[in-house]
Undergrad: 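Take a look at the following structure, please.
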Number of protein chains: 2
Amino acid sequence: MPFSNLESRKFKTKAVADLAFPEREGGYAKGHETREQILGAALSLLVEEGYRGMSMRRVAAACDMKLGNLTYHFPTREELVKDLLDAIIRAYEIEFEAIIHFTNETAEERLAEICGLILEDIRTKKTTHVFPELWALSNHDPFVLERVQELYARARASLLEIVEEMRPDLDADSREDLALFISASMEGMTVFAGHNKPFEHRMGQLETIAIRSFIEIVRNYAPDVQE
Amino acid sequence: MPFSNLESRKFKTKAVADLAFPEREGGYAKGHETREQILGAALSLLVEEGYRGMSMRRVAAACDMKLGNLTYHFPTREELVKDLLDAIIRAYEIEFEAIIHFTNETAEERLAEICGLILEDIRTKKTTHVFPELWALSNHDPFVLERVQELYARARASLLEIVEEMRPDLDADSREDLALFISASMEGMTVFAGHNKPFEHRMGQLETIAIRSFIEIVRNYAPDVQE
DNA sequence: ACAAATTTAGGACGCTTGACAAGGTTTGTC
DNA sequence: GACAAACCTTGTCAAGCGTCCTAAATTTGT
């Protein structure tokens, strides 16, 4: 069997952290702590109530804090959103940094491992709720678009590494296309098999299909000649 | 070549209509026309400004109409959103109804045709902007979730038909999984190669990869024995 | 002609929103 | 323990929101 033992991951890594905060520079420890509390509450509200529900007042209330104090730390809502987005994305970037250093035996094993990780993350409530909000926002906010695409570029980097190893004969564009297809393909599952979605319980089978399908296409893909 | 002539669609169908309105029952023609104008303006605002920007006042203004008249036709915002969602989804359902009756030579040709249609639609501004909004809404609104998933169920129906023809040996669950994977996989491209997205210009290659990949996995998929 | 349907015009209610300013309180440091 | 920076509270502002209302004018179908 060409796919034996590819669907059960060896390395059970912990889930992606919710937020990753920047080093603090200046200010008291208290202030920095408060900022983290605010961003945590903002994320909670974003997940539970959606982007509209994440108002300045509700964030402040969730922190048991007065609105004025919130605006002291984040003078505008835009600034809060921007910093929240940074913290969310930074957490993923840390994870992808770790993934790059996977040392599984074969490229295909690593591919299966990465896909398993991503599809596992997709099933969490946080990811199922946050990313569609970001996708919607990115249509009207260039900053969000750029930041989200930058995140995906890092996610693709580890896939690209594997594609390169499996298909050194392919041109760079084609390898990019393959990594992009794999990444996009998995993201699409969010809407169908994410948290509380109707096919959440089929994610296991979907993962199997996805991994086999990805390996097959990477093995055999040949771009059109006129490309 | 096993994939020859599968990537250029024979039947160039027109794009999916923006909205499909229900039969009118009671009222004058004028009133019905106004309702269509309102829903059209609401869709425009949803596409251009996002869900937040689609307020009652802005919809009314976009129709050159007083707020009172808007609330005459749609007493609550919820009702407007509900009817808009219905009109959007009905348009797709009509399209899928037509797709079912494709009479291409082989199942694989029909699969290629359907994938081409969907990926073409994904590149439109309307689809790229509206669906992420719906995905985000569906996380907090059971009505939206149900309606959207109902739409996708119809989209899968045509895929399922093809999978059944190609793999009569598979059990029903596995065929459903395959159709689901194909559908989800394509939806994922919205964020990467949809309208104004960074890989919009790679959609052609992605389509090629997707179709080949889908055909391959449907041809060869075998579920695990313990399933 | 006439009734029903549609539209205008204007207002008003209660509520939430993001933003801001002035004045207290705490914290760390010299 | 002084003292300045950092932190936090309190109160206020204009703007926008959905919903509701009335009264009159206009259009439409028959």
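First the proteins, then the strands, lettered A, B, ... as listed; each starts at 1. If you're wondering where the values come from, they're calculated on a predicted model, not measured in any experiment.
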Undergrad: Kindly write out the residues that satisfy side chain to side chain contact (heavy atoms under 4.5 Å, CB included) with B/E33, not counting sequence neighbours, or none if the list is empty.
TA: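 Result, side chain to side chain contact (heavy atoms under 4.5 Å, CB included) vs B/E33: none returned.
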
Undergrad: With a cut-off of 3.5 Å and sequence neighbours excluded, list every side-chain donor-acceptor pair involving residues 49-70 of chain A.
TA:
residue : atom : partner : partner atom : Å
A/Y51   : OH   : A/R77   : NH2          : 3.3
A/S55   : OG   : A/R58   : N            : 3.3

Undergrad: Give the first and the last nucleotide of DNA chain C, reading 5' to 3', that has any atom under 4.0 Å from a heavy atom of chain A.
TA: C/dT17 to C/dG28

Undergrad: Can you name the side chain to side chain donor-acceptor pair (under 3.5 Å) partners of A/R35, sequence neighbours left out?
TA: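 So A/R35 forms a side chain to side chain donor-acceptor pair (under 3.5 Å) with A/D83.
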
Undergrad: So, using side chain to side chain contact (heavy atoms under 4.5 Å, CB included) as the criterion, who are the partners of A/E97 when residues are at least two apart?
TA: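 Checked A/E97 against side chain to side chain contact (heavy atoms under 4.5 Å, CB included); matches are A/H101.
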
Undergrad: Mind checking side chain to side chain donor-acceptor pair (under 3.5 Å) for A/S158 and listing every partner two or more places apart, or none if nothing turns up?
TA: none

Undergrad: Does anything in residues 132-152 of chain A pair up under ring pair (Phe, Tyr, Trp, His ring centres under 6.0 Å), and if so which pairs, sequence neighbours excluded?
TA: A/W135-B/W135, A/H140-B/H129, A/Y152-B/F192

Undergrad: Does the distance from a Lys or Arg side-chain N to an Asp or Glu carboxylate O, for B/E93 and B/R147, drop under 4.0 Å?
TA: yes

Undergrad: For A/E48, check side chain to side chain donor-acceptor pair (under 3.5 Å) against everything at least two apart and list the hits.
TA: A/K125

Undergrad: ring-ring contact (aromatic ring centres under 6.0 Å, His included) with A/Y92: which residues, sequence neighbours excluded?
TA: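 Partners of A/Y92 by the ring-ring contact (aromatic ring centres under 6.0 Å, His included) criterion, ordered by chain and then number, come out as A/F131.
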
Undergrad: Using the C1' atoms of five pairs at each end, what's the angle between the two axes of the helix from C/dA1-D/dT30 to C/dC30-D/dG1, to 10 degrees?
TA: 30°

Undergrad: Restricting to side chain to side chain donor-acceptor pair (under 3.5 Å), what partner residues turn up for A/K126, sequence neighbours left out?
TA: none

Undergrad: So if I define the base as every atom that isn't primed, P, OP1 or OP2, how would nucleotides 10-30 of chain D read as a B/S/- string at a heavy-atom cutoff under 4.0 Å?
TA: B------BBB--------BS-

